[in-house]
Amino acid sequence: MRTVGIYVFDDMEVLDFAGPFEVFAVTGELSGWTLFKVLTIGETARVVRAVNGLRVLADCGISDHPPVDVLVVPGGAGSKAEMHKENVLAWVRDVTARCELTFSVCSGACILGAAGLLDGLEATTHHEVLPRLREVAPRAIIREDLRFTDNGRICTSEGISAGIDLSLYLVERLCGKTVADRTRVYMEYGDWRERR
């Protein structure tokens, strides 16, 4: 059983967090809750308001959550503020040092970059955010040609729907092709391999 923690914040992009949430939650459900459980982590345990107004209640805050094995950092307009919060960056660095895997979706890569976690690694993000990522993470190897990158313990994806592709890829990496394909078929989602 792996615990997936998804960081949630004001003005995050809905599908950036909801896509990975669905992939890992469905995989957990289909396995009888033996593979994954998913929780949301906010700066504090409060309601955050995503882009376009969706309200999400964080299960816990960055100071009081259980250990996580996989950390998901979504993007959205609010990532511009999050990447300047030293307490958030310190938390991302700390969790990343202790967990099995950290990945970003869309401009969440800028949060990882501001935390110094992309130095020397391949990274990608939403096409409109690439210039900002280059500024925030000048020592990263920016890949405009990849839907997502896999550096082992740190991965990044392009924007929005690419987070679903990366999540399915990571389910396959962690649990095998049969498990990932069962999740994908249940979700009636196309094969991410065709878009890579």
Side-chain angles (χ1 to χ4, degrees), residues 1-10 12 16-28 31 33-46 48 56-76 78-79 81-125 133 136-137 139-141 148-157 162-164 166-176 179-180:
M1 169 70 80
R2 291 177 170 96
T3 298
V4 179
I6 302 179
Y7 184 58
V8 294
F9 52 88
D10 288 324
M12 65 184 168
D16 284 7
F17 88 89
F21 185 100
E22 185 74 358
V23 169
F24 289 103
V26 165
T27 303
S31 72
W33 302 109
T34 61
L35 296 177
F36 296 106
K37 65 178 179 179
V38 185
L39 58 90
T40 54
I41 305 169
E43 187 175 3
T44 60
R46 66 173 180 88
V48 299
V56 178
L57 175 61
D59 294 314
C60 45
I62 62 176
S63 63
D64 64 355
H65 64 86
V68 298
D69 302 290
V70 177
L71 175 64
V72 183
V73 181
S79 64
E82 298 302 310
M83 60 186 266
H84 294 292
K85 294 180 177 179
E86 190 48 48
N87 64 322
V88 170
L89 299 182
W91 172 76
V92 169
R93 284 189 291 267
D94 181 59
V95 173
T96 298
R98 292 183 284 112
C99 72
E100 182 177 0
L101 176 66
T102 294
F103 75 91
S104 64
V105 181
C106 194
S107 58
C110 292
I111 297 172
L112 298 188
L117 297 173
L118 297 180
D119 292 355
L121 301 181
E122 290 189 335
T124 193
T125 188
L133 182 58
V136 172
R139 291 186 289 280
I141 303 160
F148 55 81
T149 65
D150 180 354
N151 297 287
R153 292 187 61 243
I154 297 179
C155 303
T156 63
S157 80
I164 298 174
L166 177 54
S167 297
L168 286 165
Y169 166 82
L170 292 172
V171 167
E172 180 172 315
R173 196 182 97 178
L174 297 171
C175 304
V179 171

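When a residue number appears, it is its place in the shown sequence, counting from 1.
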Can D69 and R2 be counted as an ion pair, charged N to O under 4.0 angstrom?
-> no
Contact check, side chains of V105 and V73, non-hydrogen atoms, under 4.5 Å | no
Any side-chain heavy-atom pair of P67 and T3 under 4.5 Å = no
Begin from the C-alpha positions of L118 and L133 and carry the test side chain to side chain contact (heavy atoms under 4.5 Å, CB included) through to its verdict.
-> CA-CA 10 Å; L118 297 180; L133 182 58; 4.0 Å; yes
From the list V48, V56, V72, side chain to side chain contact (heavy atoms under 4.5 Å, CB included) with F17 holds only for V56
Testing V23, L101, T27 for side chain to side chain contact (heavy atoms under 4.5 Å, CB included) with L170, which one passes?
-> L101
D16 and M12, any side-chain heavy atoms less than 4.5 Å apart = no
Exercise: identify the closest heavy-atom pair between C106 and G75 = CB-CA, 4.4 Å
Quick one: CD on E172 to CG on L168, what's the gap to the nearest 0.5 Å?
-> 9.0 Å
Rounded distance [0.5 Å steps], CZ in R93 versus CD in E86 = 4.5 Å
Is there a side-chain contact between F9 and K85 (heavy atoms, below 4.5 Å)?
-> no
Would you mind reporting whether L121 and T149 have side-chain heavy atoms less than 4.5 Å apart?
-> no
Geometric class of the F36/F24 ring pair [parallel <30°, tilted 30-60°, perpendicular >60°] = perpendicular
Judged by atom type as modelled, is there a donor-acceptor pair below 3.5 Å linking the side chain of T125 to the main-chain atoms of A109?
-> no
Euclidean distance, L71 CG relative to I6 CD1, rounded to 0.5 Å = 9.5 Å
Scan residues 108-118 for pairs that pass side chain to side chain donor-acceptor pair (under 3.5 Å), counting only residues two or more places apart or in two chains.
-> none
Validation row: F103, I154 side chains within 4.5 angstrom (heavy atoms) = no
Counting only N and O atoms by type, is there a donor-acceptor contact under 3.5 Å from the side chain of D119 to the main-chain atoms of R139?
-> no
Would you check, one step at a time, whether the test side chain to side chain contact (heavy atoms under 4.5 Å, CB included) holds for N87 with I62?
-> CA-CA 9 Å; N87 64 322; I62 62 176; 3.9 Å; yes
Are side-chain heavy atoms of V70 and C99 found at a separation under 4.5 Å?
-> no
Output for pair (D150 CG, L166 CG), nearest 0.5 Å, gives 8.0 Å
For residues N151 and E122, is any side-chain donor paired with an opposing acceptor at under 3.5 Å?
-> no
Considering all heavy atoms, the nearest S107-G76 contact | OG-N, 2.9 Å
Distance from L112 atom CG to L89 atom CG, nearest 0.5 Å?
-> 9.5 Å
Validation row: I111, S104 side chains within 4.5 angstrom (heavy atoms) = no
Quick one: salt bridge (charged side-chain N to carboxylate O under 4.0 Å, His left out) partners of E22, sequence neighbours excluded?
-> none
What distance separates T96 OG1 from R153 CZ, expressed to the nearest 0.5 Å?
-> 7.0 Å
Distance-only, no hydrogens or angles: does the S79 side chain make a donor-acceptor pair with backbone N or O of E82 under 3.5 Å?
-> no
Side-chain (T40) to main-chain (D59) donor-acceptor, under 3.5 angstrom | yes
When you check the side-chain N and O atoms of Y7 and E43, is any donor under 3.5 Å from an acceptor?
-> no
Any idea which heavy atoms bring G42 and A58 closest together, and the distance?
-> N-CB, 3.5 Å
Any sub-3.5 Å donor-acceptor pair from R173's side-chain atoms to G152's backbone N or O?
-> yes
